[in-house]
**Q** 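I have a structure I would like to understand better, so I am pasting it below and will then ask my questions one at a time.
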Amino acid sequence: MGAAMRRIHVGNALSAFGLGFTVPYLYVYVAQVRDLGAVTAGLVLAVFAVAALVVLPFAGRAIVRRGPLPVLLAALVTAALGALSLGLAGHATTVLLSAAGLGAGQAVMQPALATMIVDCSTAETRSRAFALQFFLQNLGLGVGGLVGGHLVDASRASSFTLLFAIEAAVFLLLVVVMSTVRVPHAPGFEADASQGGRASWRRLLGNRAMVRLCVLGFVLFFACYGQFESGLSAYGVEAAGISTSALGTALAANTAVIVVAQFAVLRFVERRRRSRVIGAVGLIWAVAWGVAGYAGLGHGSQAMASAAFISTYALFGLGEAMLSPTVAPLVADLAPSGMAGQYNSAFALVKQLALAVGPAVGGPMGASLHGPYIVTFLLCSLGITYLAVRLGRELSPVLDQPTLARSRVVARGGGAAAEPHRADA
């Protein structure tokens with residue numbers, strides 16, 4: 001790992017730390033500490049999603065034109081200003097505007113950092129780089145949430161002001177760190193940057209494999225991440241009688257499985273076809289939803305229900321660990337030269353849409369329609385497997401299994417492995 005990649009991974013960890021540091025406490029801060037009510041607090045959370053949806057279509061084009069580093073630095077400064085003003089805001093309007101700035105900045109960080117990983121890695125090292133990114137993001141979120149929880153006090157507004165000030169300082173520190181990164185010049189950058197925004201979007205939408213991957217990505221995020229803190233937790237409390245401590249243990253089990261299994265799973269995943277790995281994740285998550293169904297609809301003891309519910313989150317973590325070195329590198333490999341920023345931003349936009357729709361659909365179902373909720377998302381998981389198989393038919397053998405390119409080079413007596421061809425259709 002070169003110096004540039006080390007700094008990029010530090011950026012991933014710190015940006016995730018900043019997110020976990022404050023977001024879990026936004027509702028309490030707005031509704032209770034600032035006494036702005038539950039409606040305003042709900043709007044703040046919605047503003048995060050809306051801000052991301054607004055800026056991501058433009059972020060991809062900016063990354064292509066200007067490069068990922070300037071876009072990342074602008075996003076960090078925007079997020080820092082949003083965090084600082086949020087800690088000082090006392091009125092609904094200023095709170096919402098501050099949340100919009102923080103949400104927009106954080107949304108743009110991820111495709112910019114992902115594009116920097118693409119530019120600083122090769123096809124041979126890309127899966128491991130994205131696996132490490134996912135590992136550090138989960139670690140940063142967990143540590144941020146733990147530290148932030150010990151700093152805040154709902155009876156003291158000043159503790160929340162300090163919280164947001166620290167978050168702003170972390171983002172500004174990250175500006176200094178990332179300013180020292182020297183990103184390799186992407187080949188074909190000038191040619192792609194000269195095209196209009198509409199032309200680049202038409203080119204992306206004309207890539208059938210990328211369109212199928214985006215549809216698959218929507219279902220992935222809708223059926224998993226979109227349910228973690230909404231539908232699944234509501235289902236656990238209402239249908240299975242899960243206590244808050246058991247819910248916390250389930251979330252910890254999810255993170256623990258990711259941390260423990262990530263690099264062990266990586267060795268298995270790297271030797272398999274990407275489409276089959278994603279299909280296997282769909283089957284694992286189908287089992288997870290079946291276990292969740294037993295937790296809430298079975299007739300076992302409360303201890304058995306809690307154990308089943310915790311196992312559900314653990315199985316989701318195993319699937320996430322398999323996806324991290326698979327999906328993001330595939331997005332990068334599908335992108336034509338110089339267009340990685342556009343493709344990363346488009347996939348991030350799909351993710352944000354799924355994370356906005358997922359809680360809206362799953363929350364009410366998980367709280368009241370217990371049987372239909374489980375059946376719906378079990379079918380979604382099986383749909384992931386079906387869509388993954390269909391995606392595999394659109395991918396060339398090397399795109400589906402990059403190790404084939406390395407083995408062919410070795411068979412021919414060549415040296416370093418060549419980077420797989422990037423499909424444009």
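Below, each value reflects all heavy atoms present in this structure, side chains not excepted, and no hydrogens, waters or symmetry copies.
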**Q** Begin with the C-alpha distance, continue with both residues' side-chain angles, and end with the deciding distance and a verdict on side-chain contact (heavy atoms from CB on, under 4.5 Å) for Gln110 and Lys351.
**A** CA-CA 11 Å; Gln110 295 312 309; Lys351 178 180 178 179; over 6 Å; no
**Q** Given 3.5 Å as the limit, does a donor-acceptor pair link the side chain of Thr161 with the main chain of Leu88, or not?
**A** no
**Q** Any chance CZ of Arg272 has more than 12 other-residue heavy atoms, nucleotides or ligands included, within less than 6.0 Å?
**A** yes
**Q** Only one of Ile8, Leu173, Leu14 forms a side chain to side chain contact (heavy atoms under 4.5 Å, CB included) with Met178, so which one is it?
**A** Ile8
**Q** Measuring from Arg61:CZ to Arg66:CZ, what's the distance to the nearest 0.5 Å?
**A** 10.5 Å
**Q** When rounded to the nearest 0.5 angstrom, what distance separates NE2 in His9 from CG in Leu136?
**A** 6.5 Å
**Q** Quick one: does Phe48's side chain get under 4.5 Å of Gln106's, heavy atoms only?
**A** yes
**Q** What do the steps show when you test Arg182 against Asp119 for salt bridge (charged side-chain N to carboxylate O under 4.0 Å, His left out), and what is the final call?
**A** CA-CA 10 Å; Arg182 296 295 175 261; Asp119 291 343; over 6 Å; no
**Q** May I ask you to test the Ser179-Leu73 pair for a side-chain heavy-atom distance under 4.5 Å?
**A** yes
**Q** Leu395: what forms a side-chain contact (heavy atoms from CB on, under 4.5 Å) with it, not counting sequence neighbours?
**A** Ala209, Leu330, Leu334, Leu391, Leu399, Asp400
**Q** Not counting sequence neighbours, which residues clear ring pair (Phe, Tyr, Trp, His ring centres under 6.0 Å) with Tyr373? List them please.
**A** Tyr235, Trp289, Phe377
**Q** Could you measure the distance from the CG atom of Leu379 to the CD1 atom of Ile374? Nearest 0.5 Å is fine.
**A** 11.0 Å
**Q** Take Val389 and Arg276 through the side-chain contact (heavy atoms from CB on, under 4.5 Å) test and state the conclusion after the steps.
**A** CA-CA 7 Å; Val389 172; Arg276 290 183 179 178; over 6 Å; no
**Q** Any side-chain heavy-atom pair from Tyr313 and Leu232 closer than 4.5 angstrom?
**A** yes
**Q** Would you say that Phe222 contacts Val361 through its side chain, given a criterion of any heavy-atom pair below 4.5 Å between the two side chains?
**A** yes
**Q** Against Val44, only a single residue in Leu86, Val39, Leu96 fulfils side chain to side chain contact (heavy atoms under 4.5 Å, CB included); can you say which?
**A** Leu96
**Q** Side-chain donor-acceptor pair under 3.5 Å between Gln262 and Glu320, yes or no?
**A** no
**Q** Give me the atom names and distance for the closest heavy-atom approach of Thr115 to Gly341.
**A** OG1-CA, 3.3 Å
**Q** Could you check whether any side-chain N or O of Gln227 sits under 3.5 Å from a backbone N or O of Gly358, counting only pairs where one atom can act as donor and the other as acceptor?
**A** yes
**Q** With a 4.5 Å limit on heavy-atom distance, are the side chains of Ile63 and Asn344 in contact?
**A** no
**Q** I'd like to know if the side chain of Ser345 and the backbone of Gln342 have a donor-acceptor N/O pair within less than 3.5 Å.
**A** no
**Q** Between Val118 and Phe130, is there a side-chain heavy-atom distance shorter than 4.5 Å?
**A** yes
**Q** Is any side-chain heavy atom of Phe17 less than 4.5 Å from a side-chain heavy atom of Leu139?
**A** no
**Q** Would Arg390 and Glu394 satisfy side-chain contact (heavy atoms from CB on, under 4.5 Å), going step by step from the backbone distance to the final call?
**A** CA-CA 7 Å; Arg390 293 290 302 273; Glu394 296 288 341; over 6 Å; no
**Q** Return yes if some donor-acceptor pair links the side-chain N/O of Thr94 with the main-chain N/O of His91 below 3.5 Å, else return no.
**A** yes
**Q** Anything under 30° is parallel, anything over 60° is perpendicular, the rest tilted; go ahead and classify Phe164 against Tyr29.
**A** tilted
**Q** Work out which heavy atom in Ala295 is nearest to a heavy atom in Ala308; give both atom names and the distance.
**A** CB-CB, 3.8 Å
**Q** Can any side-chain N or O of Gln401 pair as donor or acceptor with the backbone N or O of Arg271 at less than 3.5 Å?
**A** yes
**Q** Are side-chain heavy atoms of Leu353 and Phe218 found at a separation under 4.5 Å?
**A** yes
**Q** Starting at OG of Ser15, measure out to CG of Leu76 and round the result to the nearest 0.5 Å.
**A** 8.0 Å
**Q** With distance as the sole test, does Asn207 use its side chain to make a donor-acceptor pair with the main-chain N or O of Arg203 at under 3.5 Å?
**A** no
**Q** First locate atom CG of Leu283, then atom CD1 of Ile278, and finally report the distance between them rounded to the nearest 0.5 Å.
**A** 12.5 Å
**Q** So, Arg126 versus Ser121: side-chain donor-acceptor pair below 3.5 Å or not?
**A** yes
**Q** Under the 3.5 angstrom rule, does the side chain of Arg34 hit a backbone N or O of Ala89 as a donor-acceptor pair?
**A** yes
**Q** Got a second to check how far Arg274's CZ is from Leu213's CG, nearest 0.5 Å?
**A** 10.0 Å
**Q** Between Leu315 and Trp285, is a side-chain contact (heavy atoms from CB on, under 4.5 Å) present by the stated rule, with each step listed?
**A** CA-CA 7 Å; Leu315 287 168; Trp285 286 357; 5.6 Å; no
**Q** What heavy-atom pair brings Phe135 and Val259 nearest, and what distance separates the two atoms?
**A** CE1-CG1, 3.6 Å
